[in-house]
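Since the structure comes first, as structure tokens, the remarks are kept for the end.
Nothing here was measured: the structure is a model prediction, and the numbers come from that model. In what follows, every chain begins at residue 1, and chains take the letters A, B, ... in the order their sequences are listed.
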2 protein chains.
Amino acid sequence: MSSRTSHRSAPAHTHPDDVAVQTALAALADPVRLRLVRELAKAEDWTRTCGSFDVPVGKAACSHHFAVLRAAGLVEQRDEGARRLNRLRRAEFDARFPGLLDLVLREDG
Amino acid sequence: MSSRTSHRSAPAHTHPDDVAVQTALAALADPVRLRLVRELAKAEDWTRTCGSFDVPVGKAACSHHFAVLRAAGLVEQRDEGARRLNRLRRAEFDARFPGLLDLVLREDG
DNA sequence: CGGAGTGTAAGATCGGCGTCGAACACTCGC
DNA sequence: GCGAGTGTTCGACGCCGATCTTACACTCCG
């Protein structure tokens, strides 16, 4: 058999090119998601797991927020063993919405 | 007394500089408001009245949306006689959130 | 195998926002 | 002054989204 590590269904991703502006704006308009994106931006790619973020919500809500970010083309997720690693889609998202990511990241440092 | 045309209380404006990113994003994340902003962008300053927009909502809701846009520093309003004229705060808003307005206006032409 | 860790899914709740209808305020023109 | 036109305010309603709790699935490790 494929000796790959995961039998889990890979999460459904949406490419930024297929995302409407409204969706992108709505995704970033939430305080929790904004924190996730900003914190994710400071980290190396594929280093942060879903539960490693300092947000004032339970893990279920956090999982939900990552699903929204995924659907907005903002993050990419990859399964590695029991953990699900994340990566901010900087270049792709910026190509689709030039300046938007810079804008939300530059705010408040 | 002051012989000015209006006894009406001038609407309270918020300068883009005093607006949080979240507020700006949330303001633009609504479909109706997005239409208002886009349509307003195509028009000359101080030419469009609140009720002259082709949006699928009643005038009460429309008035509400303009209040939100005002609070987000996106539009400026001025009373002229019985009508309330609008203007998109292009330069000021773009100075505060570089590229954001261009982004939402470039979409869909 | 069995337990610990991690993430998702389902169901329920709750608050907020968008909407409407009606009432009110103001301006203009007759 | 009176009516028409324009816009805001208020109360109520409905819906969507954010959250929690619980239960389940999967992986790693002892």
Side-chain angles (χ1 to χ4, degrees), chain A residues 1-13 22-37 40 46-72 75-87, chain B residues 1-13 22-37 40 46-72 75-87:
Chain A
M1 318 296 252
S2 92
S3 57
R4 261 1 236 120
T5 30
S6 175
H7 292 173
R8 229 184 323 196
S9 56
H13 286 91
Q22 297 226 169
T23 308
L25 295 176
L28 292 169
D30 181 90
V32 174
R33 288 193 288 266
L34 203 45
R35 274 178 78 163
L36 293 176
V37 168
L40 195 52
W46 308 121
T47 60
R48 302 296 303 268
T49 84
C50 186
S52 75
F53 289 87
D54 181 27
V55 284
V57 296
K59 61 175 182 175
C62 193
S63 176
H64 161 68
H65 284 304
F66 266 98
V68 174
L69 292 176
R70 231 165 44 215
V75 306
E76 189 178 359
Q77 297 188 309
R78 189 184 101 203
D79 284 348
E80 176 150 326
R83 298 174 311 164
R84 179 159 287 189
L85 300 176
N86 298 283
R87 168 195 158 248
Chain B
M1 308 314 237
S2 91
S3 56
R4 262 359 240 119
T5 28
S6 174
H7 292 175
R8 227 182 326 191
S9 56
H13 285 90
Q22 296 222 172
T23 309
L25 295 176
L28 292 169
D30 180 90
V32 174
R33 287 194 287 268
L34 203 45
R35 274 178 77 163
L36 292 177
V37 168
L40 194 53
W46 309 122
T47 59
R48 303 295 303 268
T49 84
C50 186
S52 75
F53 289 86
D54 182 26
V55 283
V57 296
K59 60 176 182 175
C62 193
S63 178
H64 162 67
H65 284 306
F66 266 98
V68 174
L69 292 176
R70 232 165 42 216
V75 306
E76 188 178 359
Q77 298 188 308
R78 191 184 100 203
D79 284 348
E80 176 151 322
R83 298 175 310 165
R84 180 159 288 190
L85 300 177
N86 299 282
R87 166 193 159 250

Ignoring the backbone of [X], work out which of [options] is nearest its side chain.
X	options	result
B/T49	C/dT8, C/dG7, D/dG7	D/dG7
B/D30	D/dT8, C/dG18, D/dT9	C/dG18
B/V57	C/dT19, C/dT8, D/dT19	C/dT19
A/A61	C/dC20, D/dC20, C/dG7	D/dC20
B/A60	D/dT9, C/dG7, D/dT8	D/dT9

Rounded to whole angstroms, how far apart are [atom1] on [X] and [atom2] on [N]?
X	N	atom1	atom2	value
A/K59	D/dA25	NZ	P	14 Å
A/H64	C/dA12	NE2	P	18 Å
A/L36	D/dT19	CG	C1'	14 Å
A/F66	D/dG17	CZ	P	20 Å
B/L34	C/dG18	CG	P	13 Å
B/L28	C/dC17	CG	P	16 Å
B/E80	C/dC28	CD	P	9 Å
A/D79	D/dC28	CG	P	10 Å

How close do B/T23 and B/A71 get, heavy atom to heavy atom, and via which atoms?
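Closest approach of B/T23 to B/A71: CG2-O, 4.5 Å.
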
Do any side-chain nitrogens or oxygens of [X] fall under 4.0 Å of OP1 or OP2 in [N]?
X	N	result
B/H65	C/dT19	yes
B/R84	D/dT6	no
B/R83	C/dC26	no
B/S63	D/dT9	no

Distance, nearest 0.5 Å, that separates CD of A/E76 from CZ of A/R87:
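Output value for this atom pair is 4.5 Å.
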
Go nucleotide by nucleotide along DNA chain D from the 5' end; which of B/A82 and B/Q77 gets its closest nucleotide reached first?
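Its nearest nucleotide being more 5', the pick is B/A82.
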
If you count the non-hydrogen atoms of other residues, nucleotides and ligands that lie under 6.0 Å from CZ in B/R83, is the total more than 12?
no

What's the verdict on side chain to side chain contact (heavy atoms under 4.5 Å, CB included) for A/R35 and A/F53, showing C-alpha distance, side-chain angles and the deciding distance?
CA-CA 9 Å; A/R35 274 178 78 163; A/F53 289 87; over 6 Å; no

Apply side chain to side chain contact (heavy atoms under 4.5 Å, CB included) to B/L85 and B/T47, showing your working.
CA-CA 6 Å; B/L85 300 177; B/T47 59; over 6 Å; no

